[in-house]
Amino acid sequence: MNVALRERGVLQDSPAQPDSTAQPDRTAQPDSTAQVPAPVAPRTGPPDTSYYMKLGYIVAGVIFFAYIALLMRRVATVRKAP
Amino acid sequence: MTSVSMPETRTAASRSLPALDWVLLLAMLAVGGVVVRALMYTPADAMLGAAQRLFYVHVPSAILGMYVACSLMAIAGGLFLWLKDERLDRLAESAAEVGFIFLTVVLVTGSIWGRASWGTYWAWEPRLTSALFLWFVVLSYLVLRDAIENREARARLSAVLGVLALLLVPFIHMTVYLFRGLHPEPIVLKPSKPDMSPEMLGTFGLSMLAFTLLFLALIRLRYQWAGVRDARAALEQS
């Protein structure tokens, strides 16, 4: 697509600009890390959010069970009464 | 009523409450089965991952706690103001209490889901804030009932508050359309078809059935208990 745009003159290479960040005082050093591949995490699908799923189900279960226990206690109190 | 002695009436009222409520037991088993299906046999969302499975608790709880319970509370309360039937007041009270539990589950599961998808447990955005406001209104309904001794005044004032609470529900439903916020638009409660895969839709349908059964079982038991409580209170006063 870029080639087609270049042929039509829509996309043009920018002329070379002087590097404003160049520092002539410093001697160029070889990049010692060039041999090591960049630490990019592999893309393996959706994020691991199972912790939040478990937390949500546990908290919802606790709320429902606590209310059911409260109701059962109320019923038992009424039934035990003379 | 006058021909029955006090201990006999008290025993008869207590007997109407079962030691083991089979409807509630069935509902709990149904919810347990749906949870197993949701966690083990339903695919995770491609974007949100496993946290999307909170949908099967969050959305049924929202539909039942916000739309059904608040409607029941308001309709029963409104009918009480007209007919003055104590059974309607007990039904409104039961719907409010069970609805409060479901609304609490909605807020908590929504908050945890929000942490997984938005990176924060809470945001003061329109849907969340208005849902929290409804939670406080229902809480105030329950606190009001405990605070008033006179039964007639308690039933009348709480019925008015219950009717007013229902007015919030359409506003909460429309917040995602009216304001720009974090909460997504409805996936299920909308005119067009739900945006879900068949497996997810099947699990959602079953979870809706199971939580509806749990909701009805809790309302039924709470209503029966309130009936016995009121009968005992009336006997003690007489």
Side-chain angles (χ1 to χ4, degrees), chain A residues 1-8 10-14 17 19-21 23 31-82, chain B residues 7 10-11 13-21 24-25 27-28 31-32 35 38-39 44-58 61 97-98 100-102 104-106 108-117 121 211 214 217-218 221-222 224-229 231-232:
Chain A
M1 182 158 181
N2 286 349
V3 174
L5 290 173
R6 277 202 179 86
E7 285 172 354
R8 288 163 54 194
V10 177
L11 192 66
Q12 293 179 353
D13 290 330
S14 61
Q17 296 290 328
D19 184 2
S20 60
T21 61
Q23 296 175 331
D31 185 1
S32 60
T33 62
Q35 302 300 320
V36 181
V40 178
R43 181 82 180 155
T44 56
D48 182 17
T49 53
S50 57
Y51 167 76
Y52 297 106
M53 177 193 75
K54 289 172 192 165
L55 181 66
Y57 272 89
I58 288 169
V59 173
V62 166
I63 292 169
F64 280 125
F65 272 108
Y67 182 63
I68 289 167
L70 175 69
L71 271 184
M72 291 288 119
R73 191 177 158 203
R74 285 172 173 171
V75 169
T77 307
V78 168
R79 284 180 62 85
K80 276 181 190 171
Chain B
R10 195 175 277 186
T11 310
S14 302
R15 274 184 196 150
S16 67
L17 281 172
L20 181 66
D21 190 354
L24 182 59
L25 194 64
M28 288 169 72
V31 170
V35 168
L39 297 184
D45 186 83
M47 299 293 289
L48 294 171
Q52 183 271 338
R53 290 189 177 115
L54 287 171
F55 179 86
Y56 308 114
V57 179
H58 180 75
S61 299
E97 191 175 288
V98 175
F100 179 75
I101 299 300
F102 276 76
T104 306
V105 169
V106 172
V108 171
T109 54
S111 177
I112 293 169
W113 193 359
R115 177 68 180 84
S117 55
Y121 284 105
F211 277 100
L214 179 66
L218 290 173
L221 189 60
R222 177 62 175 74
Q224 287 177 340
W225 173 78
V228 175
R229 177 203 61 191
R232 289 170 62 86

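Scope of the values below: all heavy atoms of this structure, side chains included, with no hydrogens, waters or symmetry mates. Keep in mind that what you see is a predicted model, and the values were worked out from it rather than measured. In what follows, every chain begins at residue 1, and chains take the letters A, B, ... in the order their sequences are listed.
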Full working for side-chain contact (heavy atoms from CB on, under 4.5 Å) between A:Arg79 and B:Val228: CA-CA 10 Å; A:Arg79 284 180 62 85; B:Val228 175; over 6 Å; no
field: Side chain, backbone, both or neither of A:Tyr57 within contact of chain B (heavy atoms, under 4.5 Å)
entry: both
field: Side chains of B:Leu214 and A:Ile68 in contact at under 4.5 Å (non-hydrogen atoms)
entry: yes
statement: Exactly one of B:Gln224, B:Arg229, B:Arg232 clears side-chain contact (heavy atoms from CB on, under 4.5 Å) with A:Val78, and that residue is B:Arg232
query: Side chain, backbone, both or neither: which part of A:Val75 has a non-hydrogen atom closer than 4.5 Å to chain B?
result: both
task: Classify the angle between the aromatic ring planes of A:Phe64 and B:Phe102 as parallel (below 30°), tilted (30 to 60°) or perpendicular (above 60°).
output: perpendicular
message: Within the structure provided, determine whether A:Leu71 and B:Arg222 are in side-chain contact (heavy-atom separation under 4.5 Å).
response: yes
field: Per-residue contact mode, B:Phe211 against chain A (heavy atom under 4.5 angstrom)
entry: side chain
task: Counting only heavy atoms closer than 4.5 Å, note whether B:Tyr121 contacts chain A via side chain, backbone, both or neither.
output: side chain
- prompt: Between the side chain of A:Thr49 and the main-chain N/O of B:Leu48, is any donor-acceptor distance below 3.5 Å?
  reply: yes
- request: Would you mind checking which part of B:Ser117 comes under 4.5 Å of any heavy atom in chain A, side chain (CB onward), backbone (N, CA, C, O), both or neither?
  value: neither
- request: Please round to the nearest 0.5 Å and tell me the distance separating atom CG of A:Leu55 and atom CD1 of B:Ile112.
  value: 4.0 Å
field: Gap between atom CE of A:Met72 and atom CG of B:Leu221 - 0.5 Å precision
entry: 5.0 Å
- request: Find the one option among B:Val57, B:Thr109, B:Ile101 whose heavy-atom pairs under 4.5 Å with chain A are most numerous.
  value: B:Ile101
message: Taking side chain as everything from C-beta outward and backbone as N, CA, C, O, which of these in B:Val106 sits under 4.5 Å from a heavy atom of chain A? Side chain, backbone, both or neither.
response: neither
task: Taking all non-hydrogen atoms of both residues into account, name the closest pair between A:Ser50 and B:Ala50 and its distance.
output: CA-CB, 3.8 Å
